[in-house]
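Taking it in order: structure first as structure tokens, then the write-up.
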Amino acid sequence: MKPTPSQTIGPFYGFALPFPGGGDLATGGITVQGYVYDGDGVPVPDALLEFWQAGPSGDLRGRPGSLRRDPVTGAVIGRHGLDFTGFGRVPTDADGRYGLRTLMPGNGYISVCVFARGLLHHLFTRVYFDRDAAFLDTVPPERRETLLAVPEREDFYRFDIHLQGEKETVFLDFG
């Protein structure tokens with residue numbers, strides 16, 4: 001029996017989680033890219049990030065059924081590129097980097113779930129694009145920057161995730 005994602009902490013098995021086009025929610029929108037770092041500031045090469053977001057109108061209902069499968073093997077071959085699901089799943093590469101191509105969320109943030117080795121439970125955080133977002137007022141001022149995407153050029157943002165340490169990203173507790 002093959003292990004399932006909930007039976008592992010990581011590194012993750014390629015057959016179970018990442019899929020082709022997992023970070024390509026939409027074209028012609030924005031790109032969010034960054035690195036996942038461990039407590040020593042070393043990039044994590046085998047983390048997995050899941051993203052949920054609202055569409056540009058702020059609607060949280062994503063459309064199902066955008067994944068395409070090979071009609072012969074049943075293997076996932078990618079998205080069809082027409083429906084915006086609001087969901088993406090991206091592994092970090094050998095350098096600890098990830099990338100997400102999507103639309104600007106109408107509610108101002110993208111939710112992120114982080115899976116990585118050494119984490120007994122996944123972590124939740126958010127990527128904010130507007131430093132005036134009301135939620136950020138609930139975060140201590142010295143920690144707000146860890147939730148803000150940094151614009152690098154038009155429609156291109158950087159958002160690094162630090163699992164521990166001095167630059168630790170703010171993680172949210174929904175428990």
Side-chain angles (χ1 to χ4, degrees), residues 4-6 10 12-36 44 46-93 95-116 122-136 138-139 144 146-161 169-174:
T4 65
S6 64
F12 297 96
Y13 296 96
F15 67 85
L17 293 171
F19 55 88
D24 298 325
L25 278 69
T27 58
I30 62 171
T31 296
V32 179
Q33 70 92 35
Y35 291 84
V36 176
V44 177
D46 50 10
L48 183 79
L49 306 175
E50 289 186 344
F51 300 91
W52 293 275
Q53 69 165 93
S57 69
D59 187 359
L60 290 169
R61 292 174 293 171
R63 297 187 61 174
S66 70
L67 282 184
R68 295 179 304 144
R69 292 186 179 273
D70 183 299
V72 176
T73 66
V76 173
I77 57 175
R79 298 179 190 264
H80 64 49
L82 301 175
D83 294 330
F84 181 73
T85 64
F87 173 77
R89 181 180 290 148
V90 180
T92 55
D93 66 15
D95 297 321
R97 182 180 14 202
Y98 73 92
L100 179 73
R101 283 150 297 282
T102 188
L103 302 174
M104 182 60 79
N107 62 356
Y109 67 88
I110 297 174
S111 296
V112 185
C113 184
V114 181
F115 299 86
H122 48 277
L123 301 171
F124 295 100
T125 189
R126 290 179 178 171
V127 182
Y128 280 88
F129 298 93
D130 179 4
R131 66 178 52 252
D132 295 327
F135 176 78
L136 295 177
T138 67
V139 177
R144 288 182 191 148
T146 70
L147 296 175
L148 287 166
V150 177
E152 292 195 321
R153 60 181 185 265
E154 186 175 346
D155 297 328
F156 196 93
Y157 297 87
R158 175 141 179 186
F159 183 76
D160 293 334
I161 297 171
T169 299
V170 169
F171 295 106
L172 308 173
D173 183 1
F174 295 109

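The figures here come from the full heavy-atom set of this structure, side chains too, leaving out hydrogens, waters and symmetry mates.
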In Å, rounded to the nearest 0.5 Å, how long is the span from [atom1] of [X] to [atom2] of [Y]?
X: Arg101; Y: Asp24; atom1: CZ; atom2: CG; result: 4.0 Å
X: Asp46; Y: Asp93; atom1: CG; atom2: CG; result: 11.0 Å
X: Tyr35; Y: Thr92; atom1: OH; atom2: OG1; result: 11.0 Å
X: Thr27; Y: Leu103; atom1: OG1; atom2: CG; result: 8.0 Å

key: Results of side-chain contact (heavy atoms from CB on, under 4.5 Å) for Asp70 - residues two or more places apart only   =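 So Asp70 forms a side-chain contact (heavy atoms from CB on, under 4.5 Å) with Val72, Thr73, Ile77.
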ask   = Of all residues at least two apart in sequence or in a different chain, which pass the side-chain contact (heavy atoms from CB on, under 4.5 Å) check with Leu136?
value =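 Listed in chain order: Tyr128, Ala133, Arg144, Leu147, Leu148.
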Of all heavy-atom pairs between [X] and [Y], which one has the smallest distance, and what is that distance?
X: Tyr98; Y: Pro91; answer: CB-O, 4.3 Å
X: Asp160; Y: Gly34; answer: OD1-CA, 3.3 Å
X: Cys113; Y: Trp52; answer: CB-CZ3, 3.5 Å
X: Ala149; Y: Val127; answer: CB-CG1, 3.7 Å
X: Val44; Y: Ala116; answer: CG1-CB, 4.5 Å
X: Leu60; Y: Ala54; answer: CD2-CB, 3.5 Å

Under a 4.5 Å cut-off applied to non-hydrogen side-chain atoms, are [X] and [Y] in contact?
X: Phe84; Y: Gln53; value: yes
X: Ile110; Y: Phe129; value: yes
X: Gln33; Y: Glu152; value: yes
X: Leu100; Y: Leu49; value: no
X: Arg89; Y: Phe115; value: no

query = With distance as the sole test, does Asp59 use its side chain to make a donor-acceptor pair with the main-chain N or O of Arg61 at under 3.5 Å?
reply =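 Between the backbone of Arg61 and the side chain of Asp59 there is a qualifying donor-acceptor contact (under 3.5 Å).
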task = Could you please spell out the steps behind the side-chain contact (heavy atoms from CB on, under 4.5 Å) verdict for Thr102 and Ile30?
result = CA-CA 5 Å; Thr102 188; Ile30 62 171; 3.8 Å; yes
request  = Take atom CZ of Arg131 as the centre, draw a 6.0 Å sphere, and report whether it contains more than 12 heavy atoms from other residues, nucleotides or ligands.
outcome  =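 No, CZ of Arg131 has 12 or fewer neighbouring heavy atoms, counting only those of other groups under 6.0 Å.
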request  = Could you give me the CA-CA distance, side-chain angles and deciding distance for Tyr109 and Thr125, then say whether side-chain contact (heavy atoms from CB on, under 4.5 Å) is met?
outcome  = CA-CA 10 Å; Tyr109 67 88; Thr125 189; over 6 Å; no
